[in-house]
Trainee: 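This is the structure I want to talk about, given as structure tokens.
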2 protein chains.
Amino acid sequence: MSEQDTKIGEQPSVLEVARKDDGKFVEPLQLGKRLKEIRLANNLTLEEASRLTGLARSTLSKIENEQISPTFQAVQKLTAGLGIDIPQLFVPPQDGPTANGRRDITRKDEGTPHPTTTYEHELLCTQMRDKKMVPFKCTVRARSFDDFEDWVRHEGEEFMLVLAGQVEVYTEFYEPVKLAEGDSIYYDARMGHCLVSVSKDDAQVLWVTSR
Amino acid sequence: MSEQDTKIGEQPSVLEVARKDDGKFVEPLQLGKRLKEIRLANNLTLEEASRLTGLARSTLSKIENEQISPTFQAVQKLTAGLGIDIPQLFVPPQDGPTANGRRDITRKDEGTPHPTTTYEHELLCTQMRDKKMVPFKCTVRARSFDDFEDWVRHEGEEFMLVLAGQVEVYTEFYEPVKLAEGDSIYYDARMGHCLVSVSKDDAQVLWVTSR
DNA sequence: AATTTAAATTTCCTATAGGAAACTTTTGTG
DNA sequence: CACAAAAGTTTCCTATAGGAAATTTAAATT
């Protein structure tokens, strides 16, 4: 190894710089480390990974050792070839036990009941506090549209998936839309919204609201 | 070795090639088009976007016009600077009404496919940008745990509901837990996690990740 | 331990991404 | 319409990513 050639392969890799005058700082990310972990976890040699991705052995090696910053194209090939879950790559380097993780399980029909006049809520995963999302199932009674007086409207966003039956979603600014089992909708919850069952029986939906 | 030697600035851009001998084919993706839409939607000039991202005006222009394939670093700066939801970039070009409205509907089985080796993703509601949550359905193949020893791990939180079949959730720090249809789980996604189907056939789950 | 074989890294070179500035196009404004 | 100002594109150049092959390192096999 040349001793004067401290540029590459030493500490300050290309990936680490990434700060320009007033540009947004981009954290190291250690993409290479991650990729190597993934490759090894899949018991692949560079040669095999090369065949899978279409990138040269040398290139893969350099990426893993953070000697180069791959092009977006290369990243695409990598993720496609190795079957990598994309968000995985954008996670900051995992270090230490990160023990502040928690999990919270709710069995079927064992959520926390929370009835209102219009809906029958079953809150899910209520053990965990300060969640970024609030999931709940909801039985939407078969009823007419004119039962409700005003829009529901609140901060954040909402995702809804129809689990059973058929519902009609009313939102401000749009025409009502019918959703059947398996259909889903995402919307800005600040926009007035409400839900009605249009099947004979009550419909059931899953709702997730963000903060 | 280029048989046609596509010149830059012509039509067949670099992004379009991306096929090497035995490499995985990477679809065009039209990243540039996407980015331009986002920039314009935010009422930004190239100059402003340049300040936000730390990339040169010229570079941004070239990326938008698909004259160059940005490096991963550049993509990071872009997403960080413009506040772009990363998975959105990996979603194939959205066509049609380019809904950037306030609601976004996905009919059953009409989400955007996004297969990986381990999971079969179907992204839901991909028309809307910069969502706080990313919902997708996922077919978990019936397979053994030892096919992947590495955890998935990323920022944010995750909610999962089992739609069909039976799965086993492995997470760091906890014992594996079996979830049947209707069961749900919420967890800190920084904690390593992965999923295995324990039913005969593939299982299906709904996943919602937060940012 | 010595030798072979496989895996990973480095070197050298070509192709191409990124930045600065020149140039062109578009959008105002009198 | 003329002209100015702003936004966008292209050119030219430097820095660096990617590929082929050489080199080094690690893992087997005897």
Trainee: Check the distance between D:dT10's P and B:Glu66's CD and give it to me in whole angstrom.
Mentor: 14 Å
Trainee: Rounding to a whole Å, what distance do you find between A:Leu60:CG and D:dA17:C1'?
Mentor: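 Going from CG in A:Leu60 over to C1' in D:dA17 covers 13 Å.
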Trainee: Both B:Lys62 and A:Lys62 contact DNA chain C. Taking the nearest nucleotide for each, which residue is further toward the 5' end?
Mentor: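 In this pair, the answer is A:Lys62.
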Trainee: What is the distance, rounded to the nearest whole Å, between atom CG of A:Leu46 and atom P of D:dA21?
Mentor: 17 Å
Trainee: Under 4.0 Å, counting only non-hydrogen atoms across every strand here, what does B:Ser58 touch: a base, just sugar-phosphate, or nothing?
Mentor: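 Base, at least one base heavy atom under 4.0 Å.
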Trainee: Salt bridge or not between B:Glu66 and B:Lys33? Use side-chain N to carboxylate O under 4.0 Å.
Mentor: no
Trainee: Does the side chain of A:Gln67 get closer than 4.0 angstrom to OP1 or OP2 of C:dT9 through an N or O atom?
Mentor: no
Trainee: Could you check B:Arg57 against B:Ala74 and say which one's nearest nucleotide on DNA chain C is further toward the 5' end?
Mentor: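 The residue mapped nearer the 5' terminus is B:Ala74.
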Trainee: Taking atom types as modelled, is there a side-chain donor on B:Tyr186 or B:Glu157 under 3.5 Å from an acceptor on the other?
Mentor: yes
Trainee: Measure CD/A:Glu47 against P/D:dG19 and give the value in whole Å, please.
Mentor: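 It works out to 13 Å between those atoms.
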Trainee: Using a strict cut-off of less than 4.0 Å between a Lys/Arg side-chain nitrogen and an Asp/Glu carboxylate oxygen, indicate whether A:Glu48 and A:Arg39 qualify as a salt bridge.
Mentor: no
Trainee: With a cut-off of less than 4.0 Å, is there a side-chain N or O of A:Thr59 near OP1 or OP2 of D:dG19?
Mentor: yes
Trainee: A:Glu64 has an atom CD; how far is it from atom C1' of C:dT9, in whole Å?
Mentor: 11 Å
Trainee: Compare side-chain N and O positions of B:Ser61 against OP1 and OP2 of D:dT10 and report whether any pair is under 4.0 Å apart.
Mentor: no
Trainee: Can you identify which nucleotide, out of C:dC12, C:dG18, D:dG8, has its nearest atom closest to the B:Pro70 side chain?
Mentor: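 Of the options given, the side chain of B:Pro70 lies nearest C:dG18.
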Trainee: Check this one for me: any side-chain N or O of B:Asn65 less than 4.0 Å away from OP1 or OP2 of D:dT9?
Mentor: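 Yes, such a contact exists.
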Trainee: It should be established whether B:Arg39 places a side-chain nitrogen or oxygen under 4.0 Å from OP1 or OP2 of nucleotide D:dG8.
Mentor: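 Checking D:dG8 against B:Arg39, a side-chain N or O does come within under 4.0 Å of OP1 or OP2.
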Trainee: Taking CG from B:Leu78 and P from C:dA17, how many angstroms apart are they, rounded to a whole number?
Mentor: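 Rounded to the whole Å, the gap is 14 Å.
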Trainee: Does C:dT9 have its OP1 or OP2 closer than 4.0 Å to a side-chain nitrogen or oxygen of A:Lys36?
Mentor: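 Affirmative; the distance criterion is met.
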Trainee: Are A:His193 and A:Tyr170 close enough that their ring centres sit under 6.0 Å apart?
Mentor: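 No; A:Tyr170 has its ring centre 6.0 Å or more from that of A:His193.
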Trainee: Does this structure show an ion pair linking A:Arg107 with B:Asp183, if we count only N-O contacts that are shorter than 4.0 Å?
Mentor: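 Between B:Asp183 and A:Arg107 there is a salt bridge, with a charged N closer than 4.0 Å to a carboxylate O.
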Trainee: Output yes when at least one side-chain N/O atom of B:Thr71 is less than 4.0 Å from OP1 or OP2 of C:dG18, else no.
Mentor: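 The answer is yes; a side-chain N or O of B:Thr71 sits under 4.0 Å from OP1 or OP2.
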Trainee: Using atom CD1 of B:Ile68 as one end and atom P of C:dG18 as the other, report the distance to the nearest whole Å.
Mentor: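 Rounded to the whole Å, the gap is 4 Å.
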Trainee: To the nearest Å, how far apart are A:Lys77 NZ and D:dG18 C1'?
Mentor: 9 Å
